[in-house]
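Quick caveat, the model's predicted, so the values are computed rather than measured. First the proteins, then the strands, lettered A, B, ... as listed; each starts at 1.
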There are 2 protein chains.
Amino acid sequence: MNLPQALKRPTLHEELVERLRNLVVEDALKPGEKVPEKDLCEAFGVSRTPLREALKVLASEGLVVLQTNRGARVAKVTREELEKTFPVIAVLEQLAGEQACLHLDNAGIARIQKRHDAMVKAFHARDRKAYFKANQDIHNALIEGAGNDILETHHRLLAARVRRARYMVNLSDERWAQAIDEHEQMMALLHARDAEGLGLLMKTHMMNKFAAHIRALSFAEEDGLG
Amino acid sequence: MNLPQALKRPTLHEELVERLRNLVVEDALKPGEKVPEKDLCEAFGVSRTPLREALKVLASEGLVVLQTNRGARVAKVTREELEKTFPVIAVLEQLAGEQACLHLDNAGIARIQKRHDAMVKAFHARDRKAYFKANQDIHNALIEGAGNDILETHHRLLAARVRRARYMVNLSDERWAQAIDEHEQMMALLHARDAEGLGLLMKTHMMNKFAAHIRALSFAEEDGLG
DNA sequence: TGACGTAATTATGAATTCATAATTCAGTCA
DNA sequence: TGACTGAATTATGAATTCATAATTACGTCA
């Protein structure tokens with residue numbers, strides 16, 4: 001029998017970690033900006049203690065940077081950091097791809113296929129927002145499909161740090177088409193349950209994504225937006 | 001010019017994270033045990049506030065588990081968790097091996113060779129403790145050699161969670177000899193700067209290590225020590 | 001006018017306090 | 001004796017307070 005774990009009520013600091021993380025990822029708190037402790041306390045209606053606890057956790061995740069006696073700032077996502085983060089995400093996705101092939105049942109694969117179809121539809125409709133969302137869903141589903149929560153946790157931590165950057169670049173039509181093509185191949189390999197193949201493809205897919213981002217970032221920097 | 005980053009004095013909670021982490025990794029606080037908030041406050045001579053902040057961080061690292069209104073316990077390292085953690089460490093080491101080949105200069109490789117020699121010496125002297133330390137040093141040096149602090153951070157987080165388990169198993173003579181052999185090959189590939197080769201070997205090396213641990217753990221469980 | 005030094009203000013780290021949930025323990029009754 | 005009840009104790013989460021570092025505002029002098 002599967003007894004429910006001693007039920008877990010949330011504490012303030014846990015909720016705050018969630019909500020602050022969202023503020024950062026959704027760009028309500030911008031990189032480099034100070035995290036206004038007092039204002040946030042008022043906004044959330046809590047005292048400083050749980051909020052500060054939450055900030056410590058976010059700092060350990062790398063989403064904010066703490067400066068002694070000078071409070072917290074939202075971490076900047078530098079190009080250098082992207083260059084270090086993407087390869088790590090890539091190998092985690094590779095592992096996820098391999099494991100997903102082994103662990104997912106047919107129903108699980110069908111669910112991913114559905115999302116894939118939605119993504120292709122968004123591509124043809126040139127709906128970038130829907131595409132982005134579906135894409136994210138697929139990757140998350142594959143990670144989940146690996147059935148390894150340690151892998152999932154670390155992937156999530158890393159993905160959170162670059163997600164903001166990923167919202168900002170609007171990929172070129174070429175890259176977009178290429179990405180769709182890669183995803184088609186991924187689905188084929190998943191259906192064939194070619195673990196090694198899917199792993200390798202997911203890694204290169206991620207590195208291609210990365211290269212596109214760096215390129216886009218270069219243009220942005222030239223335009224003085226970096 | 002390379003300006004020093006706004007110099008960073010440590011805060012109490014940061015020091016406490018360090019010291020508590022050590023207590024857990026070095027097995028002074030045992031898995032499943034309650035973390036005695038009050039005692040630790042007295043021992044460290046601090047109030048509960050910074051200590052609790054530190055516990056939140058450790059919880060986000062997975063070293064302790066928080067239960068609402070029931071305090072913190074040292075996380076148990078179950079076999080299931082080992083089974084999920086090792087593959088992730090393995091792919092991170094693979095990446096590290098690849099990158100280290102590309103980034104390390106000759107001096108860096110020489111430093112690792114020195115540690116390797118020390119490890120081989122400890123092996124011949126059958127000094128398990130010295131071997132374990134040298135082994136750890138080598139792996140850490142290779143990770144560092146990759147020159148990717150994101151990779152390093154996540155490797156450290158994962159390694160911390162299994163280190164305790166790794167202290168406990170005493171590897172068989174066969175496995176020990178095999179490990180030495182694998183390390184000899186690693187050095188050869190590093191000198192040859194065969195990035196792909198070293199990456200693959202480090203991955204399988206880690207998975208072999210893992211298999212040996214699981215075997216040892218099985219015997220321990222049969223002996224009723226699990 | 002503008003750079004410098006100093007006082008006032010604010011923000012931060014950490015200790016303390018407070019309300020409440022969990023645990024312990026004594027007492028009761030079957 | 002042993003399971004149950006409820007009061008006493010303790011531990012925990014969160015608010016508040018306090019000391020000090022950082023920042024801002026202001027006044028002085030070149």
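- Minimum atom distance to the side chain of A:Ser47 is reached by D:dA15, of the listed C:dA14, D:dA15, C:dA22.
- If you measure from atom CG of A:Leu12 to atom C1' of C:dT20, you get 13 Å, rounded to the nearest angstrom.
- There is a side-chain donor-acceptor pair under 3.5 Å between B:Thr11 and B:Glu14.
- Between the CD atom of A:Gln67 and the P atom of C:dA11 there is a distance of 16 Å, given to the nearest Å.
- Between B:His183 and B:His139, the ring planes are perpendicular. Angles over 60° get that label, and only those under 30° would be called parallel.
- What separates CG of B:Asn69 from C1' of C:dA21 is a distance of 5 Å, to the nearest Å.
- The CZ-P distance, from A:Arg48 to C:dT10, rounds to 15 Å in whole Å.
- Atom-to-atom, CG of A:Leu40 to P of D:dA14 comes out at 17 Å; the value is rounded to the nearest Å.
- There is no side-chain donor-acceptor pair under 3.5 Å between A:Asn140 and A:Glu144.
- Under 3.5 Å, the side chain of A:Thr49 and the base of D:dA15 form at least one donor-acceptor pair of N or O atoms.
- Aromatic ring orientation, B:Trp176 versus B:Tyr131: perpendicular (interplanar angle above 60°, classes split at 30° and 60°).
- In this structure, of D:dA22, C:dA15, C:dA11, it is D:dA22 that holds the atom nearest to the side chain of A:Arg70.
- A:Leu55 places its CG atom 16 Å from the C1' atom of C:dA14, with the value rounded to the nearest Å.
- In this structure, NZ of A:Lys38 is placed 16 Å from C1' of D:dA15, rounded to the nearest angstrom.
- Using a 4.0 Å heavy-atom criterion, one finds that B:Lys34 contacts the sugar-phosphate atoms exclusively.
- C:dA21 atom P lies 19 Å from atom CG of B:Leu66, rounded to whole Å.
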